[in-house]
Amino acid sequence: MLSVRNLLDASAEEPFLGTMLEKDALAAMRKQNPLDVHKGVLGKALLICGSVGMAGAATLSAQGCLRAGVGKLVIHTPQCNANILQLSVPEAILSIDANKERPSQLPVTAIYQSVGIGCGISVHASCATVLRDLLKQYNRPIVVDADAITLLARHREDWMHHLPKNSILTPHAKEAERLVGLYSNLRECIGKCSALAQNVGIIIVVKGHHSAICLPDGSILRCPTGNPGMATGGSGDVLTGILTGLLSQGYVPHEAACLGVWLHGRAGDLAAEAISEESMLSGDLPRFIGPAWKELI
């Protein structure tokens, strides 16, 4: 079980909702790989990401996944992104969609220990079909972000309860509104997301200041890492990759969510210390995931 402590957020008008993650508890979750470990043991992950003009989202999520420690990463993406991804993440394998501009077909998923979907895919009808087919065919927890959250919200009544149990959704405030409806403040938003997590049996990470991790048992955990410099396009794509990479390695979903959110935020803190909050780019985050990992010893 996690070691947590109750806190009040002095900067907010509303009382702090949830309990803060403790670094020692997170360090205890970290897996110690044996000397004879190989890439097959560390899992095979699939990221369905990118569309025309959105190769950056695919790149960032892939870099996050690789830095999280995945054994093998496959990126399913349209042809328009192939050359960019081969150069930006040569460690990844590409699965090229038949559609040149956006994902339109679901590759075979049974061979993957984890799947992440949504970063930069667009909300085109063909992408909705890919998400629908994934929910029908894949029975392990998945990571759902960005455009896939929007598509899920549009088909909420039909698709929400088809999510594999303990899947991880990572909405920002506006995406959360699409999932749970209007809210008047952050506390109400987190409360509604917690209710949805319990009802469907999933994990919802509400991204923001002290990101909230809403678990299926009703627990709400808050993350102490992260800073305003991370409020830039692409930061969430890195988180999606980290979470997908952790699931592939066999971390149980609630541990993957807690570790992933903490590592993501801590990488942001280290980046801010090195180059300032103002100058941070989402592309700076992956290179600080390693130093963040080293703190969990």
Side-chain angles (χ1 to χ4, degrees), residues 17 46-51 53-54 57-58 60-61 76 102-106 109 114-208 211-216 218 220 231 233-241 243-244 247 253 257 260-261:
L17 183 61
L46 173 68
L47 287 173
I48 302 171
C49 51
S51 60
M54 296 297 288
L60 291 165
S61 58
H76 185 77
R102 65 187 67 87
S104 64
Q105 56 190 181
L106 182 69
T109 57
S114 64
V115 177
I117 184 171
C119 299
I121 61 173
S122 85
V123 292
H124 191 274
S126 67
C127 300
T129 299
V130 173
L131 177 59
R132 181 202 64 195
D133 291 346
L134 177 64
L135 296 180
K136 286 183 176 180
Q137 298 179 25
Y138 196 71
N139 58 13
R140 296 189 181 101
I142 63 174
V143 182
V144 184
D145 185 33
D147 292 328
I149 289 179
T150 299
L151 291 170
L152 181 64
R154 289 181 180 179
H155 299 271
R156 173 178 170 147
E157 295 302 319
D158 295 327
W159 294 0
M160 188 67 72
H161 285 277
H162 290 287
L163 279 166
K165 295 301 181 184
N166 294 303
S167 291
I168 305 174
L169 276 59
T170 58
H172 55 55
K174 192 64 179 178
E175 290 164 344
E177 183 179 277
R178 294 170 190 150
L179 286 172
V180 301
L182 296 174
Y183 54 84
S184 58
N185 53 53
L186 182 59
R187 182 182 177 87
E188 183 181 0
C189 172
I190 294 171
K192 286 188 171 185
C193 285
S194 177
L196 178 61
Q198 294 174 69
N199 183 37
V200 183
I202 57 176
I203 298 169
I204 301 179
V205 176
V206 184
K207 296 179 291 192
S211 292
I213 304 166
C214 303
L215 299 180
I220 301 174
S235 180
D237 300 324
V238 178
L239 175 61
T240 295
L243 295 170
T244 306
L247 286 176
V261 173

### Message
Can you tell me how far apart CE (Met160) and CG (Asn199) are? Round to the nearest 0.5 Å.
### Response
9.5 Å
## Note on the structure
Closest non-hydrogen atoms of Leu243 and Ala257, given as atom of the first, atom of the second and distance, are CD2-CA, 3.7 Å
### Message
Restricting to non-hydrogen atoms, name the atom on Leu247 and the atom on Pro253 that form the minimum distance, rounded to 0.1 Å.
### Response
CD2-CA, 3.8 Å
### Task
Mind listing the closest non-hydrogen atom pair of Gly218 and Ser194 along with its distance?
O-OG, 3.9 Å
#### Entry: Any residue meeting side-chain hydrogen bond (donor to acceptor under 3.5 Å, both in side chains) with Thr240, in chain and number order, not counting sequence neighbours
Asp145
### Query
Sub-3.5 Å donor-acceptor pair from the side chain of Lys192 to the main-chain atoms of Glu177, do we have one?
no
### Task
Decide yes or no on side-chain contact (heavy atoms from CB on, under 4.5 Å) for Leu135 and Ile142, but give the supporting numbers first.
CA-CA 9 Å; Leu135 296 180; Ile142 63 174; 3.9 Å; yes
#### Entry: Nearest heavy-atom neighbours spanning Ser126 and Arg102
OG-CD, 3.2 Å
### Task
To the nearest 0.5 Å, tell me how far Asp237 CG sits from Cys49 SG.
8.5 Å
### Task
Please name all residues satisfying ring-ring contact (aromatic ring centres under 6.0 Å, His included) with His155, sequence neighbours left out, ordered by chain then number.
Trp159
### Task
Could you grab the distance from atom CD of Gln137 to atom OG1 of Thr109, nearest 0.5 Å is fine?
5.5 Å
### Task
Give a yes or no answer on whether the side chain of Tyr183 reaches the backbone of Ala173 with a donor-acceptor pair at less than 3.5 Å.
yes
### From OG (Ser167) to NE2 (His162), nearest 0.5 Å
13.0 Å
### Nearest atoms (heavy-atom pairs only) where Val206 meets Cys189
CG1-SG, 4.2 Å
## Note on the structure
One should read off an interatomic distance between Ile190 CD1 and Ile220 CD1, to the nearest 0.5 angstrom, of 6.5 Å
### Message
Working to the nearest 0.5 angstrom, can you tell me the gap between Leu239 CG and Leu60 CG?
### Response
12.0 Å
#### Entry: Under 3.5 Å: donor-acceptor pair, side chain of Thr170, backbone of Val205
no
### Message
Evaluate Arg156 against Leu196 for side-chain contact (heavy atoms from CB on, under 4.5 Å), listing each step before the verdict.
### Response
CA-CA 11 Å; Arg156 173 178 170 147; Leu196 178 61; 3.7 Å; yes
### Message
Under a 3.5 Å distance rule, please check whether Asp147 uses its side chain to pair with a backbone N or O of Ile121 as donor and acceptor.
### Response
yes
#### Entry: Within-4.5 Å side-chain heavy-atom neighbours: Pro141 and Ile168
no
### Query
Quick check: does any side chain N or O of His76 sit under 3.5 Å from a backbone N or O of Ile117, one acting as donor and the other as acceptor?
no
### Query
Do Leu179 and Pro171 come close enough that some side-chain heavy atom pair is under 4.5 Å?
yes
### Task
Locate the shortest heavy-atom distance separating Leu152 from Leu131; write the atom from each residue and the value.
N-CD2, 4.0 Å
### CA sep, side-chain torsions, deciding dist, call: Leu106, Ile48, side-chain contact (heavy atoms from CB on, under 4.5 Å)
CA-CA 9 Å; Leu106 182 69; Ile48 302 171; 3.7 Å; yes
### Message
Between Tyr138 (side chain only) and Asp133 (backbone N and O only), is there a donor and an acceptor less than 3.5 Å apart?
### Response
no
### Query
Under 4.5 Å between any side-chain heavy atoms of Val144 and Ile202, yes or no?
no
### Query
Would Arg154 and Arg178 satisfy side-chain contact (heavy atoms from CB on, under 4.5 Å), going step by step from the backbone distance to the final call?
CA-CA 8 Å; Arg154 289 181 180 179; Arg178 294 170 190 150; over 6 Å; no
